[in-house]
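Written below as structure tokens is the structure these notes are about.
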Protein chains: 2
Amino acid sequence: MAGRPVNHQRRAELLDAAVDYAVEHGFAELSWRPVACALGVSTTTLVHHFGTKEQMLEVILGRLRERTFAATSEAVGDQPDLAAAARAVWTRTSDPRQWAEFRLFFAVYGRALQAPRQFAEFLERVVADWMRSLVEAQGPDTDPAVATRTATLVIATIRGLLLDLLTTGDRDRVQDAAETFLATLEHKARPQRDARPR
Amino acid sequence: MAGRPVNHQRRAELLDAAVDYAVEHGFAELSWRPVACALGVSTTTLVHHFGTKEQMLEVILGRLRERTFAATSEAVGDQPDLAAAARAVWTRTSDPRQWAEFRLFFAVYGRALQAPRQFAEFLERVVADWMRSLVEAQGPDTDPAVATRTATLVIATIRGLLLDLLTTGDRDRVQDAAETFLATLEHKARPQRDARPR
DNA sequence: TAATTCCTTGTACGGTCGTTCTAGTAATAC
DNA sequence: GTATTACTAGAACGACCGTACAAGGAATTA
């Protein structure tokens, strides 16, 4: 009364390949047939492993979030203060090798604003991840209200600059603006902790 | 050898109605049939007036840009300096009555990052409009390099905050962050022009 | 009035979409 | 070996899409 066991690894393989395809081709061509063709399987195989297309999109977004969070978390990591954390995040996000991933990321924003539930939830979680990292980077002795407001501003600014970077590709101009912002952040942090412990 | 003259006003009516529909329903349902149904005409009528669907999208974006630019331009208008201009723009963009329009605006961003030409051009023009307004707001005696970098930062920050506002709807938190940013801007401007002429 | 052009409509075509059905093969448990 | 189940594939269905075609009424000029 038992048959063949489920091969979870097979599903994971297909999922990773699907995420790569989504990052490269965006949502425009994210249909069963093109994806199946690119992955070298039939549409039925994808349906078998992911169920509905909506469900496939959900797991793709989930995995994309894992990647993004891992990248941010690693960048913020053990930075001593907010200014350093912000600079680390910006350095990582402005890396052209990450652009494809962020392009998809902003494409999700576009959809979240018009097809609420599905994408909005994804974004809430991603931003929550960012917020958590950046609030923690400000140390436990910071006023929570100040920490929240500062983290919100940092995320918004980096996101806006990144959006500019992705649409215009003008690295010099955007980098200039980013430096201005980061300098402000570092200038603010200095008087508070003049000789900070290592 | 002449017949009925072209009724340009009719086309303008349909276009405005189409823009309203797009602002309200987004791109998801922006197909000939739903739009035609909402406007109370047949799809063939729309095809007759706009040609291809791509062409209709182009004129819709054009009109959306006109609206956005008019709003920004009016807000910046005769503000004395950059800080005041930025505050005016933020005040206007954070008005919930403008949200639907900005939602569509960001939806265009999402598409521009994956279906380049058509939408990217729209965004370049819109941002160029913003940049021009904000560079002018800094007065003619400002170093162009500084003016560009500052305008870039202001636009990016406002855009990022607006994106946060639209996705989370948390007005208090975002407003807090915006105030922090605007205060920095105003603080910077003060020492340069302590007693400025009215 | 007659001719011409605009405006509008209904219908239909080819294409892609998500999904379902049917069926065959491979791998495990009994 | 046999039964059960996972995996894969191909074909087909209904729905929606953008677009083209044929045709009729309305408005203007000659």
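Just so it is clear: chains get the letters A, B, ... in the order the sequence lines come, proteins before strands, and each one is counted from 1.
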*If you measure from the Lys or Arg side-chain nitrogens to the Asp or Glu carboxylate oxygens, is any gap between A:Glu121 and A:Arg125 under 4.0 Å?*
yes
Would you tabulate the side-chain donor-acceptor contacts of residues 84-91 of chain A under 3.5 Å, counting partners in other chains and residues two or more places apart, or write 'none'?
unit_1: A:Arg87; atom_1: NE; unit_2: A:Glu186; atom_2: OE2; d: 2.9
unit_1: A:Arg87; atom_1: NH1; unit_2: A:Glu179; atom_2: OE2; d: 3.3
unit_1: A:Arg87; atom_1: NH2; unit_2: A:Glu179; atom_2: OE1; d: 3.2
unit_1: A:Arg87; atom_1: NH2; unit_2: A:Glu186; atom_2: OE2; d: 3.3
unit_1: A:Trp90; atom_1: NE1; unit_2: A:Gln175; atom_2: OE1; d: 3.2
unit_1: A:Thr91; atom_1: OG1; unit_2: A:Arg87; atom_2: O; d: 2.7

4.5 Å side-chain heavy-atom contact, [X] and [Y]:
{"X": "A:Thr44", "Y": "A:Trp32", "answer": "no"}
{"X": "B:Glu24", "Y": "B:Leu104", "answer": "no"}
{"X": "B:Val154", "Y": "B:Trp130", "answer": "no"}
{"X": "B:Arg92", "Y": "B:Thr72", "answer": "no"}
{"X": "B:Leu57", "Y": "B:Phe27", "answer": "yes"}

*Any side-chain N or O of A:Trp32 less than 4.0 Å from the OP1 or OP2 oxygen of C:dT19?*
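Checking C:dT19 against A:Trp32, a side-chain N or O does come within under 4.0 Å of OP1 or OP2.
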Nearest-Å distance for atom pair [atom1]/[atom2], residues [X] and [N]:
{"X": "B:Arg33", "N": "D:dT19", "atom1": "CZ", "atom2": "P", "answer": "11 Å"}
{"X": "A:Lys53", "N": "D:dA15", "atom1": "NZ", "atom2": "P", "answer": "19 Å"}
{"X": "A:Phe50", "N": "C:dG18", "atom1": "CZ", "atom2": "C1'", "answer": "16 Å"}
{"X": "B:Glu29", "N": "C:dC17", "atom1": "CD", "atom2": "P", "answer": "20 Å"}

_Contact list please: residues 7-19 of chain B against DNA chain C, heavy atoms, distance less than 4.0 Å, in numerical order._
B:Asn7, B:Arg10
*Among the candidates D:dC7, C:dC7, C:dT19, find the nucleotide nearest to the side-chain atoms of A:Val6.*
D:dC7
_The side chain of A:His49 is closest to which nucleotide in this list: D:dG18, C:dG18, D:dT8?_
D:dT8
*Aromatic rings B:Tyr21 and B:His25: how do their planes relate, parallel, tilted or perpendicular, breaks at 30° and 60°?*
parallel
*Just the dot-bracket of DNA chain D, please: which string comes out with Watson-Crick or G-U pairs under 3.5 Å, [ ] for crossing, | for another strand?*
||||||||||||||||||||||||.|||||
*Strictly below 4.0 Å, heavy-atom distances to any atom of DNA chain D: list the hits from residues 36-48 of chain A, or just say none.*
A:Val41, A:Ser42, A:Thr44, A:Thr45, A:His48
*Is there a chain of hydrophobic side chains (I, L, V, M, F, W, Y, each step under 4.5 Å between heavy atoms) that links B:Val41 to B:Val19?*
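Per the 4.5 Å side-chain linkage, B:Val41 and B:Val19 are co-clustered.
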*Let me see the working for A:Ser94 and A:Leu162 under side chain to side chain contact (heavy atoms under 4.5 Å, CB included), right down to the final yes or no.*
CA-CA 7 Å; A:Ser94 61; A:Leu162 179 57; over 6 Å; no
*Provide the full list of salt bridge (Lys or Arg N to Asp or Glu O under 4.0 Å) pairs with a residue in residues 2-12 of chain A, sequence neighbours left out, each pair given once.*
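Listed once each, the pairs are A:Arg10-A:Glu13.
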*Answer yes if the side chains of A:Arg173 and B:Thr152 hold a donor-acceptor pair under 3.5 Å, and no otherwise.*
yes
Under 3.5 Å, which N/O atoms of the protein pair with N/O atoms of nucleotides 23-26 of chain D?
unit_1: D:dA26; atom_1: N3; unit_2: B:Arg4; atom_2: NH1; d: 3.3

*Contact nearer the 5' end of DNA chain C, comparing B:Pro5 with A:Leu30*: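 Checking each residue's closest nucleotide, the 5'-ward one belongs to B:Pro5.
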*asked:* Counting only heavy atoms not in A:Glu58 (residues, nucleotides, ligands), do more than 12 fall under 6.0 Å from its CD?
replied: no
